[in-house]
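Heavy atoms only: backbone and side chains are in, while hydrogens, waters and symmetry mates are out. Keep in mind that this is a model prediction, so the values were computed, not measured.
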Amino acid sequence: MLLAHYVWPHRPGEAGWLLALDAGADGRAAPLFCLLLGLSAGLLVARGTADKVLVRRGVGLFALGLLVWPFAGRVYLILPQYGVLLVAVPLLRRLSDRALLVTAGAAFVIPSAVAAVMENHHLRAGSQPVTYGELLDVGEIARTLVWTGAYPLVGWVGFVLVGLWLARRRLSDRAVQLRLLAGGTAVVLTQPLLATAASALGGDPRLERAGGLATFFDGRAHSNRTAWYLLGTATALVVLALCLLVTTTAGAERWRRVRLPLVRLGEVALSAYLLHLLLGRLLVWDWNDDTKPAITTQLAVVVLVVAAFAAGASLWRRHFRRGPVETALRAVTG
């Protein structure tokens, strides 16, 4: 997320591998968030968390998202959509394993199908509210959430469905972890083939107008086409599998103290998410635009921010069970 939100290449001749690192993060953080939403909600359900609790917390996240939406500025905020998706979990979790995957597949296909046959489909064509007055236009907010915004729910619900499916797997099983890693990696490696397939079909998947069958193969970050949905899901699976392998493999306990600060940061993720927006607006984005620093400098800033966040999270967790925003949200929603 920090790579995607804090790093913008400016200078010609930057090292290719650094540009590839930044490009690899673009369009990958948000799908991972949504897949983890489904996974974590599924685990909570398995542990006995009531549907009404999930709904209340979803409503709380949605309200928080509306409050922050006009403030976000340079980046697209996902909290409102996140809240709506959490509210939907009590309904979605009732689907069978097969239905979860079939419905996820349908969600990944529908936006491309509409874009393939409609010239003025307006998928991800709009922007998010920049003033609080715009929040009063309920119809426009609904269109932004469902179709025209940065994270159209009609497709993004697929990530949550995959996460709910994963919550029913034995993720502590090394064989399951390796299958997730292998399957995700195999799909990620098809990205060049998808672009070739689009060209072979005689279309340019980068066009926003109707693109026929080629539009299904648009794997660009946030294209909201089938190829990108699959690539985003596959990348999330790879990240999840690697984290599971690192934390459950033999001898992992010896590295517990090394990874503990990152674990603590994960425990206050919502607070860190909002703090990174504040830091970006007050310092990083204007500095990036005005100074146009080298990508190596920008990456160093990302590393320093992660280290500072992790250290701060570790200190906070010594005294408090939850992050400050997490505590407030729980006090309001139960």
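Residues Leu164 and Arg93 come closest through the heavy atom pair CD1-N, 4.1 Å. Of all heavy-atom pairs between Trp156 and Pro31, the closest is CZ3-N, 3.6 Å. Here the closest heavy-atom approach between residue Leu100 and residue Leu92 is recorded as CD2-O, 3.6 Å. Smallest separation of non-hydrogen atoms from Gly184 and Val238: C-CG2, 3.5 Å. Pairing each heavy atom of Pro261 with each of Ser314, the nearest pair is CA-OG, 3.4 Å. The two residues Gly27 and Ala221 make their nearest non-hydrogen contact at CA-CB, 3.8 Å.
Distance alone, capped at 3.5 Å, is enough to place a donor-acceptor pair between the Ser40 side chain and the Leu37 backbone. Without hydrogens or angle criteria, Trp228 side chain to Phe216 main chain gives no donor-acceptor distance under 3.5 Å. Side-chain atoms of Thr249 do not come within 3.5 Å of backbone N or O of Val246 as any donor-acceptor pair. At distances below 3.5 Å, at least one donor-acceptor pair connects side-chain atoms of Thr190 with backbone N or O atoms of Val187. Using modelled atom types, one side-chain atom of Gln177 and one backbone atom of Leu171 make a donor-acceptor pair closer than 3.5 Å. No donor-acceptor pair under 3.5 Å is formed between the side chain of Arg28 and the backbone N or O of Gly232. Of the possible polar contacts, none joining the Thr49 side chain to the Val45 backbone as a donor-acceptor pair under 3.5 Å is found. For Asn288 (side chain) and Val7 (main-chain N/O), no donor-acceptor pair under 3.5 Å exists by modelled atom type. Between the side chain of Thr327 and the backbone N or O of Gly323, at least one donor-acceptor pair lies under 3.5 Å.
Atoms CG and CG, on Leu95 and Leu161 in that order, are 7.0 Å from each other to the nearest 0.5 Å. With values rounded to the nearest 0.5 angstrom, Trp285 atom CH2 is found 14.5 Å from Asp290 atom CG. Here Leu278 contributes atom CG and His276 contributes atom NE2; the two are 10.5 Å apart, rounded to the nearest 0.5 Å. Atoms CG and CG, on Leu282 and Leu277 in that order, are 10.5 Å from each other to the nearest 0.5 Å. Atom CG in Leu194 sits 5.5 Å away from atom CG in Leu231 (nearest 0.5 Å). The OG1 atom of Thr233 sits 12.0 Å away from the CG atom of Leu240 when rounded to the nearest 0.5 Å.
Side-chain atoms of Thr215 and Arg225 include a donor-acceptor pair closer than 3.5 Å. For Thr333 and Arg57, the side-chain atoms include no donor-acceptor pair closer than 3.5 Å. Between Asp26 and His222, the side chains place no donor N or O within less than 3.5 Å of an acceptor N or O (distance only, hydrogens not considered). At a cut-off of 3.5 Å, with distance as the only test, a side-chain donor of Asn224 or Tyr229 sits close to an acceptor on the other residue. No hydrogens or angles considered: nothing links the side chains of Trp8 and Asp22 as a donor-acceptor pair under 3.5 Å. Checking Ser112 against Thr226 by side-chain atom types alone, a donor-acceptor pair falls below 3.5 Å.
In this structure, the side chains of Trp287 and Val301 come closer than 4.5 Å at one or more pairs of heavy atoms. Between Trp147 and Val114, some side-chain heavy-atom pair lies under the 4.5 Å cut-off. Considering only heavy atoms from C-beta on, Arg124 stays 4.5 Å or farther from Thr148 through its side chain. Between Leu145 and Tyr151, every side-chain heavy-atom pair lies at or beyond the 4.5 Å cut-off. Using a 4.5 Å cut-off on side-chain heavy atoms (C-beta onward), Ser271 and Trp316 make no contact. Using a 4.5 Å heavy-atom cutoff, the side chains of Leu3 and Leu299 are in contact. At least one side-chain heavy atom of Val160 sits less than 4.5 Å from a side-chain heavy atom of Val89. Phe108 places a side-chain heavy atom less than 4.5 Å from the side chain of Phe159.
With salt bridges taken as basic N to acidic carboxylate O contacts below 4.0 Å, one links Glu140 and Arg143. Remark: Asp286 does not engage Arg281 in a salt bridge, criterion side-chain N to carboxylate O under 4.0 Å. A salt bridge links Arg169 and Asp97; the closest N-O separation between the charged side-chain nitrogens and carboxylate oxygens is under 4.0 Å.
Note on Leu36 and Val263: separate hydrophobic clusters, where clusters join Ile, Leu, Val, Met, Phe, Trp and Tyr whose side-chain heavy atoms are under 4.5 Å apart, directly or indirectly. Linking Ile, Leu, Val, Met, Phe, Trp and Tyr whenever their side-chain heavy atoms come within less than 4.5 Å leaves Val332 and Leu54 in two separate clusters. When the side chains of ILVMFWY residues are joined at heavy-atom separations under 4.5 Å, either directly or via intervening members, Val146 and Val87 end up in two distinct hydrophobic clusters.
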Determine, stepwise, if the pair Leu283 / Leu279 fulfils side-chain contact (heavy atoms from CB on, under 4.5 Å).
CA-CA 6 Å; Leu283 297 173; Leu279 184 63; 3.4 Å; yes

Worked verdict on Thr248 versus Ser172 for side-chain contact (heavy atoms from CB on, under 4.5 Å):
CA-CA 7 Å; Thr248 61; Ser172 60; 5.6 Å; no

Show me the donor-acceptor pairs within less than 3.5 Å that the side chains of residues 59-78 make with the rest of the protein, sequence neighbours left out.
residue : atom : partner : partner atom : Å
Trp69   : NE1  : Gln128  : OE1          : 3.1
Arg74   : NH1  : Asp289  : OD2          : 2.4

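By the salt bridge (charged side-chain N to carboxylate O under 4.0 Å, His left out) test, Arg317 pairs with Glu267, sequence neighbours left out.
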